[in-house]
Amino acid sequence: MDDIRKKAKELLENKTVQVVIGYGKGSGEEARAIFVRDAAKTDQLIFDETCLQNLAVYILKHEVKHLGKIAIVATSSVLRSIMILASEQQLKDGDLVVLGITSDGKYIDLPNFKAIEDYLATLNVSITDKEKELLKMIDAMTMEERWAWWQNEFSKCFKCYACRSACPMCYCPKCTTDSNQPQWIPVASHQLGNMEWHLMRAMHLAGRCINCGECAKACPMDIPLNLLTYKMIDEMNANFGVTVGMKPDAVFALSTFKNEDKENFIR
Amino acid sequence: MARIGVFICHCGENISATVDCAKVAAVASNFPGVAYSVDYKYMCSDPGQRMIIDAIKEKKLDGIVVGSCSPRMHEPTFRRATAEGGLNPFLCEMANLREHCSWVHEKGDVTTAKAIDLVRTLVEKVKRNTPLLPIKVPVTKTALVIGGGVAGIQAALDIANTGHKVVMVERDPSIGGHMSQLSETFPTLDCSQCILTPRMVEVAQHPNITLYTYAEVESLDGFVGNFKVKIRKKAKSINEKDCTGCGLCCTKCPTKKIPSEFEQGLGFRSAIYVPFPQAVPNKPVIDKENCTYYTKGKCRVCEKVCPTKAIRFDQEDEILEIEIGAIVICTGFNILKTSFFPEYGYGVYKDVIDGLQFERLASASGPTLGEIRRPSDGKIPQKIVFIACAGSRDPAKGIEYCSKICCMYTAKHAMLYKHKVHEGKAYIFYMDIRAGGKMYEEFVRRAIVEDEAQYIRGRVSKVYEKNGKLIVVGADTLLGAMPVEIEADMVVLATAGIASEGAESLAQKLHVSYDAYKFFAEAHPKLKPVETNTAGIFLAGACQAPKDIPESVSAASGAAVKVAALFSNDELTRDPMVAFVNRTAPPVFSTCVGCFLCQPVCPYQAIEKEEIKDRQGKTIKTVARINPGLCQGCGTCVALCRNKAIDILGYTNEQVYTEVVALLNEY
C-alpha cells in the first residue's frame, strides 16, 4: 500500500496527473472512493478487504474528467472495465495512469494497456462457485417459476437507477430510459415498467458486463440484479468462448459473425 | 394541424369483397388530422391516381395514406402520383389492406375494423414523415461472372458483346465446366466439345473479358453498382506469361498416376497437368498435394525440362481487389457420387458407375477413346442396366426433387451404347419418363424404337456381384410388381444433381439466399427467375436447380440482359431510407457515445468515424457516421445502438413507435 501512496504522491507532485481515484476510509465499516488532488493528502489512501467498489465508474464521469488527468487504483475489476472502455473507444492508451493492485494490496506496475492485458491473462476471472450455485438455482426453475421469481424481485424496484449510476458500462450521456420522445420505458415504478427497465439494462450489458457486481451492491432494495448479468457472462462463454474485458481491442462478440459461431439458437 | 388525405382502394373486389371500404373511408375521415378521405374501385388506375393528384392541390394535403395492396406492388405508383400533386413522394404511405387484411380474413365487421386500424396506424406515421431526397450512386460498369461453365461462358460473352467489361472467375484450371466432359448432347447428338470449345476460346480472346482460372471469390463488400470483390488467384506454380503450353512438363512429370478429375477417376493425370487437351487456358498448373517437390522436397523435373523456364515453385496465392457493378453466379451443379448408394455397392463394384463417368467412356477424347469398356477389366459390356432416379425423387435419400436432366441423358446413354456396341442390350429402370422439351419426347421414342432400349418401370432394390457379372434385382411395376433380375456387365446410375461443392459458403460470402438443398434462390420463381434477392446479383444455369444446356444458356442470356440494363445507367437512384446518427444540442452534440460496437454489425461497411469539431477545428467528440451511399437501410445498427442514437429515415424509432401506439389505442 505504501508503494501506491508513494506513487500517487509522486504523480501529483510532478503534475503527471491532477487527481488520484482510490479508496479511503468511509463513515461506516466500508471504504469509499476518494479523489485525491493534493499530494499531501495521499496518505488518506487505504486498501483492505472492504475496498471492493469498481472505481472505473468514475473515469468517464464529467465531474471527474474535468479535474484533469486521472490516476486510478485498479483492482482486477477496474482493469477489466478499463479494457472494455478501451475496446469501446472511450479510452486511449496513456489517457490515464493505472495503479494496479493485487487482491492482497500489492502494487503492480502497469504502464500501458499491453501490460494490463498480460497481467489479466494471469488471473482467474471465471465466475465463482457461489455464483455458479445461484445460476444453477435459477436454471432449475421452470420458465413460469423464473418469470414469477423475477416479477417478485422487480416489484421491489422504485427506479432510483442506482444500478445504472454504479455501473462503469452505463456511460451514455443520454440513457434510452431518459428518452420521452418516444417514451420507451414507462417512468413510473409499476410491474411492466420495472420489468422493461431491467430487461433493457441486462440486454445493454450483455457481452459487456465483467461481473463486478456493483449494480447489486448499489441496489437499496437488495435485488440480485447481477444474476442477470452473470447469466450473460455464462452464455457468452458457452456460445462464443469469450471472456469479456481481457483485451483493450476486443471485438464485441454480439455484433460480429464468424463462420464457426454456433447457430443452435436458430430452430 | 396535419392535412392528411386517405384513399381507400377496393382493388376491384380483392379488398371490397371482405372489407367495407366505404366505412373505412368514412371512419378515417374522422381521424385527427385527416382532411380528406375517399374510397374508389381502382386507386392505381389513371382516374384513381388523378383523384390523389387533384386532392393534394384542392384540399392542400400535406400527407397521403393509400389503403390498398402491398407497397411492393404499387408504392412507386402512388409515390409518383404524390410527387405529381406537388408533394414530396416520401410523404405518401401505404396501408396494406389486401395482403394483410382482405385476402387473409373472412368478410365481417372485424375485418373492416382491422382495415380501419391499419389505416389509423399509417395516418399517425405519415404525420411524422419528413420530405426525403433520393440518393444517387455511380455504377461501375464491370460485371463479375463466377463460374466458367456453359452458363458462365454465355453470360460473359453476352455482357462483353454489349461493350461492357467482364471479369470471369473459374475455380478449376480450365473453363468449360461439366459440358466439356460430356460426349454428345441430347436431343441432337452433336458433340459437346465441338460446340463448346469455340465459345471457350472466344472467352479467352474477347477484349472485354478478363479471365482468372484457378481462382475463387474470397469476399464481397458493397452493393449494387458498387461491389468490391476480393479474388484469390491460387498459385499455379507457373509463370503464365512465359509458359507456351508446350506440355513437355506434363509428359516428363514422374508422378503420373493421379486419378483425373476431368476423367471422373477413370483416367490418370500427372502432378503438373492440363485438365484436358482443349483446356482454356491451355497452360498447366501444379497440383501441390500430389507433386513430389511440394510433398517431399525433391524432383523439380518440370523446372529442368521447361524450355522457357516458366516454372515458379515459390509462387504464392495472390489476392486481387476488383471493383464490380454486377455479379452473375454460374457455379453450376454436381452429381451424387455412387458411393452414396450402399444398395448399389459402389466402392466394391468398379463397374457400377455414374452418368458423368459414362459420358467420359463414350467420349472420343475419353480414357477409352470412345469405346464403351468396363472399368474393371476393359471388356466391352454386352448388357448395361441404367438406373434412373438414383437418389432423385426419393425422400428417403433426402432429395425430394426431380433432377430433370437424367431421363434425357439416360436415353442418350442407351443410344450411344447401341451405336457403339451393336449387339449390346440396354435396360433402363425408370419411375416416369420426363421428356418435356423441344424434340425431347421424340428423342426418347427413338431410343426405344430404333435403338431398342428396354425400359422397365420400377425401382432397383439391390445390385450385387456374382461370377464377374452384376446382378440387378428390381421389380417391374407394369407387370404387377413382378420381380426382375438382370445379369449385367455394367450398371450406370443416373445419380441426383446436387448443389456444387462450396455453394453454401459462396452464398454466405455474397449475401444471397439459398434453398434447403443449397441451390441458389431466385427472387421470384416465375417473374424474377435470374435475379436474387440481393440487388445486382444474378443467377444463371444449374447453380439454381438442375438444368440442361439449353435452359442454362437461356438463363445466362437473361441474366446478361439484366446486367446490361443495369449498366445502361450512369447513376442509380436509391430510396433514401438510410440510417443516420442523430445530432443534439451542445454539450452532448450527439447521443452517440462513439463506442463503435455498431461498426462490425453493419453488413455493408457503411459506418465510419466522424469528428465533431468546434470553430477552431478542435475535435469535441468522435461519433459514428453512416455513409448514405453504402447504407442499405437494414436497421441492424439501429437495433444494436444502446441509446438509440441511430435512426432510419422514413422509419424512425419515433415513427415506428407511434405506429405501434396507434395500433394499440383507438381514438
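Nothing here was measured: the structure is a model prediction, and the numbers come from that model. Numbered from 1 within each chain, the chains take letters A, B, ... in sequence-line order.
Counting heavy-atom pairs closer than 4.5 Å to chain A, the top-ranked of the candidates B:L597, B:V588, B:T584 is B:L597.
Rounding to the nearest 0.5 Å places CG of B:N653 at 9.0 Å from OG1 of A:T176. Between atom NZ of residue A:K174 and atom SG of residue B:C592 there is a gap of 14.0 Å, rounded to the nearest 0.5 Å. In this structure, CG in B:L640 is found 12.5 Å from CE in A:M203, a value given to the nearest 0.5 Å.
Environment of NZ in A:K217: crowded, with over 12 heavy atoms of neighbouring residues, nucleotides or ligands closer than 6.0 Å. Within a 6.0 Å sphere centred on NZ of B:K234, other residues, nucleotides and ligands contribute more than 12 heavy atoms. Environment of CD in B:E608: crowded, with over 12 heavy atoms of neighbouring residues, nucleotides or ligands closer than 6.0 Å. Surrounding NZ of A:K156 are more than 12 heavy atoms belonging to other residues, nucleotides or ligands, all under 6.0 Å away. Applying the 6.0 Å contact sphere to NZ of B:K621 captures more than 12 heavy atoms from other residues, nucleotides or ligands. Atom NZ of A:K61 sits in a crowded spot, with more than 12 heavy atoms from other residues, nucleotides or ligands closer than 6.0 Å. When the shell of 6.0 Å around CZ of A:R37 is examined, it contains 12 or fewer heavy atoms from other residues, nucleotides or ligands.
Counting heavy atoms from C-beta on, the side chains of B:T658 and A:P182 never come closer than 4.5 Å. Looking only at side-chain heavy atoms (C-beta outward), A:Y171 and B:R642 come within less than 4.5 Å of each other.
No donor-acceptor pair under 3.5 Å is formed between the side chain of A:T256 and the backbone N or O of B:P600. Not a single donor-acceptor pair under 3.5 Å links the side chain of A:E88 to the backbone N or O of B:V593.
Only the side chain of B:K609 has a heavy atom closer than 4.5 Å to any heavy atom of chain A.
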